[in-house]
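Report on the structure given below.
Below, all heavy atoms of this structure are taken into account, side chains as well, without hydrogens, waters or symmetry copies. Note that the structure is predicted; figures quoted are calculated from it, not measured.
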Amino acid sequence: MQLGLIGLGKMGGNMRERIRRAGHTVIGYDRNPEVTDVESLAELVDKLEAPRTVWVMVPAGAPTQSVVDELGELLQPGDVIVDGGNSRWTDDEKHAEELGAKGIGFVDAGVSGGVWGLKNGYALMVGGDAENIAKVQPIFDALKPEGEFGFVHAGKVGAGHFSKMVHNGIEYAMMQAYAEGWELLEKVHSVTDVREVFRSWQEGTVIRSWLLDLAVNALDGDEHLDKLRGFAEDSGEGRWTVEAAIDNAVPLPAITASLFARFASRQDDSPQMKMIAALRNQFGGHAVESK
């Protein structure tokens with residue numbers, strides 16, 4: 001299968017490689033001339049055989065809107081656009097309506113896997129009509145992890161990104177819990193090897209997880225996280241999760257508190273936020289701030 005892939009950054013570049021390893025043809029476009037396969041979106045579309053599938057992997061908001069608008073003028077009825085970035089689900093509904101009027105299909109895909117996705121595969125949560133998803137299924141199969149799980153047709157347009165948003169909200173709360181426990185262990189004098197306590201939890205405990213494994217990786221590189229400043233950004237999806245909870249009258253005390261803790265990190269050099277920053281760097285390659 002042929003795929004046009006727009007955005008070849010930390011995730012997009014690895015996704016291109018994983019799809020190619022599965023035997024598909026990927027034509028990638030990026031503004032960075034060192035990684036792009038073509039010089040423009042128009043050239044990318046020209047190189048694809050109809051019906052075309054184009055995957056957009058750029059930052060949410062204005063960058064995605066700009067690319068979708070341009071593709072809407074270049075593509076033809078029967079083609080499909082997949083938005084695999086972290087767009088807000090309400091944007092998906094708007095894009096689907098505008099593109100549908102031109103006969104162009106739209107699928108929203110929440111993608112989780114970070115910088116480890118090339119090796120381990122990407123968890124995919126997709127929304128849209130079954131007909132459009134079927135057109136993209138070979139690419140989804142190439143990206144997902146091996147085995148039974150890792151892909152879901154979550155529902156209508158917007159359901160993929162809404163599911164990924166909730167996933168990220170849960171991620172916020174889980175990271176916050178590990179960070180709070182780590183700080184408390186570091187604080188008391190009786191515990192003399194916090195890193196090994198975390199390592200011991202990796203087997204046999206009810207809190208073992210991939211995030212815990214990544215925490216141990218971070219502590220192996222910087223045992224007390226002394227090299228990090230206690231500052232952590234929020235990508236926006238935590239905020240959207242809390243806003244959706246308010247709109248639907250669903251109580252989310254843990255996720256909301258974890259979001260507010262990120263805000264607190266911008267006021268002081270928070271020990272908890274050192275762990276949050278370290279975890280984000282481990283699983284997603286997100287930038288950290290050094291002292």
- Residues two or more places apart in sequence or in another chain: which of them pass ring-ring contact (aromatic ring centres under 6.0 Å, His included) with Tyr178? none
- Note on the structure: Going by chain and number, the hydrophobic cluster around Ile104 (ILVMFWY, side chain to side chain under 4.5 Å) further includes Ile6, Ile27, Tyr29, Val38, Leu41, Leu44, Val45, Leu48, Val54, Val56, Val58, Val67, Val68, Leu71, Leu74, Leu75, Ile81, Leu99, Phe106, Val157
- Message: Just to verify, what does His24 make a side chain to side chain donor-acceptor pair (under 3.5 Å) with, not counting sequence neighbours?
- Response: none
- Pairing residues for Ser40 by the side-chain contact (heavy atoms from CB on, under 4.5 Å) criterion, not counting sequence neighbours: Ala42, Glu43
- May I have all residue pairs that pass ring pair (Phe, Tyr, Trp, His ring centres under 6.0 Å) and include part of residues 49-81, sequence neighbours excluded? Trp55-Phe140
- Task: Check which hydrophobic residues are tied to Met125 through side-chain heavy-atom contacts below 4.5 Å, counting indirect links as well, and list them.
- Result: Val152
- Partners meeting side-chain contact (heavy atoms from CB on, under 4.5 Å) with Asn120 (sequence neighbours left out): Trp116
Side-chain donor-acceptor contacts of residues 238-247 below 3.5 Å, not counting sequence neighbours, with atom names and distances?
from   : atom 1 : to     : atom 2 : distance (Å)
Arg239 : NE     : Asp234 : OD2    : 2.8
Arg239 : NH2    : Asp234 : OD1    : 3.3
Thr241 : OG1    : Met165 : O      : 3.0
Thr241 : OG1    : Glu237 : O      : 2.7
Glu243 : OE1    : Arg88  : NH1    : 3.1
Glu243 : OE1    : Arg88  : NH2    : 3.4

- Please name all residues satisfying side-chain contact (heavy atoms from CB on, under 4.5 Å) with Val188, sequence neighbours left out, ordered by chain then number. Ser190, Val191
- Residue pairs involving residues 67-92 (criterion ring pair (Phe, Tyr, Trp, His ring centres under 6.0 Å); sequence neighbours excluded): Trp89-Phe162
Kindly list each side-chain donor-acceptor pair under 3.5 angstrom involving residues 211-223, sequence neighbours excluded, with atom names and distances?
from   : atom 1 : to     : atom 2 : distance (Å)
Asp213 : OD1    : Gln202 : NE2    : 2.7
Asp220 : OD1    : Arg199 : NH2    : 2.6
Asp220 : OD2    : Arg199 : NH1    : 3.3
Asp222 : OD1    : Leu225 : N      : 3.3
Asp222 : OD1    : Asp226 : N      : 3.1
Asp222 : OD2    : Asp226 : N      : 3.3
Asp222 : OD2    : Lys227 : N      : 2.9

- Those residues at least two apart in sequence (or on a different chain) that pass side-chain contact (heavy atoms from CB on, under 4.5 Å) with Thr192 are none
